[in-house]
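Structure first, then comments.
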2 protein chains.
Amino acid sequence: MPTLIGPFAQLLPLTRIAVRGPLQDHQLDVIKDGGILVAEGKVVAVGRFHELYGAYAGAGLEVEELREPTVGLPGFIDCHTHLCYAGSRARDYAARNGGQTYQEIAAAGGGIKETVRHTRAASYTELSQNLHERLNRHLRNGITTVEVKSGYGLSVEEELRLLRIIRQTGAAHAADVVATCLAAHVIPPEAASEAAWLATILNEIAPVVKAEKLARRFDIFVEEGAFTVAASRPFLEKLKHQGFQLTVHGDQFTTGGSQLAVDVGALSVDHLEASGSGEIEALALSDTVAVALPGATLGLGCGFAPARRLLDRGAALAIASDWNPGSAPMGDLLTQAAILGTFEKLSTLEVLAGLTFRAAAALGLHDRGRLTSGQQADLVGFPTEDYREILYQQGQLKPSQVWKNGSPIT
Amino acid sequence: MPTLIGPFAQLLPLTRIAVRGPLQDHQLDVIKDGGILVAEGKVVAVGRFHELYGAYAGAGLEVEELREPTVGLPGFIDCHTHLCYAGSRARDYAARNGGQTYQEIAAAGGGIKETVRHTRAASYTELSQNLHERLNRHLRNGITTVEVKSGYGLSVEEELRLLRIIRQTGAAHAADVVATCLAAHVIPPEAASEAAWLATILNEIAPVVKAEKLARRFDIFVEEGAFTVAASRPFLEKLKHQGFQLTVHGDQFTTGGSQLAVDVGALSVDHLEASGSGEIEALALSDTVAVALPGATLGLGCGFAPARRLLDRGAALAIASDWNPGSAPMGDLLTQAAILGTFEKLSTLEVLAGLTFRAAAALGLHDRGRLTSGQQADLVGFPTEDYREILYQQGQLKPSQVWKNGSPIT
């Protein structure tokens with residue numbers, strides 16, 4: 001039974017807009033008094049509300065009428081999060097801003113090891129509830145698809161436990177969850193060496209991930225203090241050979257990760273705060289999506305990824321929250337994306353593309369991120385008559401309604 | 001009839017902490033299981049909840065018991081806002097991020113003139129409601145005292161109208177409003193010259209402001225394209241001679257304003273993004289409070305005020321939102337202050353001081369900003385057991401309760 005939702009003061013279907021390169025707001029197709037026809041969770045048609053009503057009216061058409069001015073656009077997609085964890089790192093945060101070094105914080109029991117300790121000690125129920133509540137917050141903010149990485153288990157059993165929690169909690173949640181195995185987050189304290197841990201992931205984690213269908217994606221943190229390019233390359237190539245999709249944490253503090261991501265055909269490389277001209281050029285010539293993580297910039301107080309230059313050279317740019325307890329505790333994707341936009345001088349359309357179909361591309365998803373026939377009817381509505389208010393209010397304008405697979409979220 | 005509020009998991013009275021210079025978190029006096037005794041809107045005593053209960057129990061003591069873990073601290077003070085306006089500048093914002101220049105935006109009818117046009121056209125009721133709703137949002141976020149500037153009227157009658165709206169709306173609101181006359185925001189299009197407009201303010205606005213007690217403070221925007229140092233100096237000196245308190249918008253894009261503010265004994269100089277070593281040194285040696293406005297940094301995508309260097313040299317640093325429709329549309333002071341903290345490496349205490357007693361100093365107020373006997377019982381409670389969560393969550397942790405003059409805000 002089809003449902004017609006609308007009229008929207010403005011409906012932004014984001015169709016016919018390139019996945020790559022710079023965009024200007026005049027390229028945006030804004031449908032005034034727009035309507036969207038959905039059936040069985042998919043978009044059937046998008047157009048003027050009254051024209052759709054005239055074309056489809058009859059027995060069986062339900063109308064979900066919007067009585068307040070609303071701007072509608074595809075549900076947001078957060079393509080990079082670390083939401084499955086326990087414990088807070090507020091102490092680290094205060095110490096770091098108070099002038100302590102990374103080494104001092106680690107020596108005092110802080111850093112990622114603290115999150116690993118809390119996460120390992122947490123029950124299934126606690127971790128699942130934490131994840132569920134974070135997904136709730138994201139969904140209320142209009143984020144209908146959320147990537148969630150493991151990475152705070154750092155042993156065979158604990159990484160698999162987290163992936164099972166992510167799968168089961170995600171399956172039960174209204175938002176769609178895309179799981180990624182980030183067992184290669186850092187070298188675990190118990191591991192004999194970098195090589196030993198990567199071999200363990202390949203030999204003991206990846207087969208179970210595949211057999212239980214826990215995740216279709218693997219990630220690795222390529223960085224000084226985490227994993228080297230030399231060790232990461234064969235690791236990623238073997239995973240690719242096994243049929244896994246790849247993504248890379250690259251160029252956060254030092255370069256190397258982005259070129260590796262391009263070389264191995266990763267779907268995305270995320271961070272890029274340290275990327276220079278060579279890295280930008282390589283990304284622009286590749287099919288790898290560049291993912292900016294402004295939440296990490298705001299959490300650490302460092303530079304932003306060179307989003308403007310990446311776009312101008314022709315790269316595909318997505319924007320994700322990196323929500324994690326260490327470097328990106330805010331977890332408000334829209335606020336972060338708006339701020340990235342002011343610092344990097346991104347058009348409204350470039351930001352919205354980075355939160356929707358370009359983020360879908362980073363996840364290898366082609367069924368969402370635009371409002372066109374056959375796509376998932378994932379939709380966010382903001383209480384305004386002008387789409388520019390969404391970024392202008394820098395996260396303070398909250399959605400008035402969110403729809404997942406055509407159904408309103410209450 | 002005294003009321004005892006508590007127990008707070010942690011109570012931060014912020015007493016015995018200097019108004020000037022750097023602060024470390026170990027200087028923070030954290031009262032566990034704290035209580036605060038209030039009577040007639042003032043703080044009577046602060047200490048351990050059960051000790052206060054034992055000392056004051058008896059006929060007449062009311063207890064307002066907190067049943068969830070709460071961190072309590074003085075209500076925040078936003079010492080720099082432009083909240084009395086109509087209209088949105090979302091179009092400017094999108095154009096600026098999309099690459100248009102200030103001149104192009106102004107030529108298209110944007111910029112401050114657009115806000116002046118909308119504000120002049122707005123009724124008393126509309127402007128009062130806008131201001132009321134913005135004050136409501138601030139109060140829910142724990143901001144119990146709000147400075148509000150005029151400045152979008154830019155004629156004698158319109159500036160006086162705005163100041164009357166600010167006074168009357170402020171008097172009827174639960175938050176305390178401190179009005180400031182910013183008739184010297186920019187040179188009005190109708191004015192014959194800079195000198196002519198400043199003379200009009202002195203001759204026609206200031207006497208009415210004084211007679212009607214509309215504001216105790218005057219502000220001026222010292223900047224290229226606004227007012228010169230040469231013209232601002234005698235203007236401010238004359239206002240000071242008439243008994244007005246002074247504050248200055250200075251060093252946003254070019255320097256000069258901060259030295260002038262120091263020279264004329266202004267209570268504060270606000271912005272300072274362009275301040276260099278000379279300006280920092282002058283401020284550190286003065287009694288003028290340096291006010292950082294991270295909301296303008298995040299709205300425009302430019303640099304932050306040199307908060308760390310100002311503190312290290314010994315200046316008093318307050319943090320304000322600059323909430324205005326052009327350059328600082330976010331209006332979330334806590335988010336902004338937390339982000340300033342990560343970029344400038346400010347301790348938790350430095351940020352909290354900048355939002356409380358140091359902001360009070362910027363307004364020349366000595367009756368709030370600390371929780372000590374005789375101060376106004378303005379208080380904000382956050383639902384956490386660790387005060388460090390307040391900045392760590394970067395504005396996402398909202399107050400669970402706010403008290404103004406000892407009374408809970410519902």
Side-chain angles (χ1 to χ4, degrees), chain A residues 22-26 28 88-100 137 141 295-304 308 323 325 327-332 335-336 338-351 384-397, chain B residues 22-26 28 88-100 137 141 295-304 308 323 325 327-332 335-336 338-351 384-397:
Chain A
L23 300 168
Q24 295 190 316
D25 288 355
H26 65 72
L28 197 53
S88 166
R89 297 257 287 282
R91 206 177 45 156
D92 282 18
Y93 181 92
R96 191 165 63 230
N97 294 327
Q100 282 190 35
R137 200 171 103 187
N141 286 334
T297 295
L298 299 173
L300 296 174
C302 57
F304 289 93
R308 178 74 266 145
W323 192 357
S327 58
M330 182 195 284
D332 188 320
T335 300
Q336 295 163 359
I339 292 171
L340 178 72
T342 67
F343 278 89
E344 283 291 309
K345 295 291 169 276
L346 307 183
S347 72
T348 313
L349 179 51
E350 285 168 336
V351 174
T384 175
E385 297 182 59
D386 181 351
Y387 72 88
R388 292 170 292 203
E389 292 286 334
I390 298 168
L391 297 184
Y392 170 67
Q393 297 193 29
Q394 300 198 304
Q396 298 296 306
L397 185 72
Chain B
L23 300 168
Q24 296 190 319
D25 287 356
H26 66 73
L28 197 54
S88 166
R89 296 256 289 283
R91 205 174 47 152
D92 282 20
Y93 181 90
R96 192 165 64 229
N97 293 327
Q100 284 191 34
R137 200 171 103 187
N141 285 334
T297 295
L298 299 174
L300 297 173
C302 58
F304 289 93
R308 179 73 268 144
W323 192 356
S327 58
M330 182 194 287
D332 188 322
T335 299
Q336 295 163 358
I339 292 172
L340 178 72
T342 68
F343 278 89
E344 283 291 310
K345 295 290 170 276
L346 307 183
S347 72
T348 313
L349 180 50
E350 285 169 335
V351 174
T384 176
E385 297 183 59
D386 180 352
Y387 71 89
R388 291 168 293 202
E389 292 285 336
I390 298 168
L391 297 184
Y392 170 67
Q393 296 193 30
Q394 301 198 303
Q396 299 296 307
L397 185 72

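Note on naming: letters A, B, ... go to the chains in the order of the sequence lines (proteins, then strands), and numbering restarts at 1 for each one. Just so we're clear, the structure is a prediction, and the values are computed from it rather than from any experiment.
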B:G98, B:P329, B:S347: which one forms the most heavy-atom pairs within less than 4.5 Å of chain A? B:P329
Engaged part of A:A95 at the chain B interface, taking heavy atoms whose separation is under 4.5 Å: neither
Largest heavy-atom contact set with chain B, pairs under 4.5 Å, which of A:R308, A:Q24, A:E350, A:R89: A:R89
Indicate the atoms forming the closest heavy-atom contact of B:D386 with A:A90, along with that distance. OD2-CB, 4.5 Å
Can you name the nearest heavy-atom pair linking B:R388 to A:A94, along with the distance? CD-CB, 3.6 Å
With a 4.5 angstrom heavy-atom cut-off, which part of A:R137 approaches chain B: side chain, backbone, both or neither? side chain
Tell me, out of B:T297, B:L23, B:I390, who's got the most heavy-atom pairs with chain A below 4.5 Å. B:T297
Heavy-atom check, side chain of B:I339 versus side chain of A:I339, under 4.5 Å: yes
Measuring heavy-atom distances to chain B, does A:T348 have an atom under 4.5 Å in its side chain, in its backbone, in both, or in neither? side chain
Of the backbone (N, CA, C, O) and the side chain (C-beta and beyond), which part of A:E389 lies under 4.5 Å from a heavy atom of chain B, both, or neither? both
Under 4.5 Å from a heavy atom of chain B, the part of A:L391 involved: both
Modelled atom types, side-chain donor and acceptor of B:Q394 and A:Y93, under 3.5 Å: yes
Between B:Q393 and A:M330, is a side chain to side chain contact (heavy atoms under 4.5 Å, CB included) present by the stated rule, with each step listed? CA-CA 5 Å; B:Q393 296 193 30; A:M330 182 195 284; over 6 Å; no
With a 4.5 angstrom heavy-atom cut-off, which part of A:L298 approaches chain B: side chain, backbone, both or neither? both
Using the side chain to side chain contact (heavy atoms under 4.5 Å, CB included) rule, take B:D92 and A:Y392 through it: C-alpha gap first, then chi angles, then the decisive distance, then the call. CA-CA 9 Å; B:D92 282 20; A:Y392 170 67; over 6 Å; no
Counting only heavy atoms closer than 4.5 Å, note whether A:P22 contacts chain B via side chain, backbone, both or neither. neither
Using a cut-off of under 4.5 Å on heavy-atom pairs, state which of B:G331, B:G99, B:C302 scores highest against chain A. B:C302
Is the side chain of B:T342 donor-acceptor paired with the backbone N or O of A:L300 at a distance under 3.5 Å, no angle test? no
Side chain, backbone, both or neither: which part of A:T384 has a non-hydrogen atom closer than 4.5 Å to chain B? neither
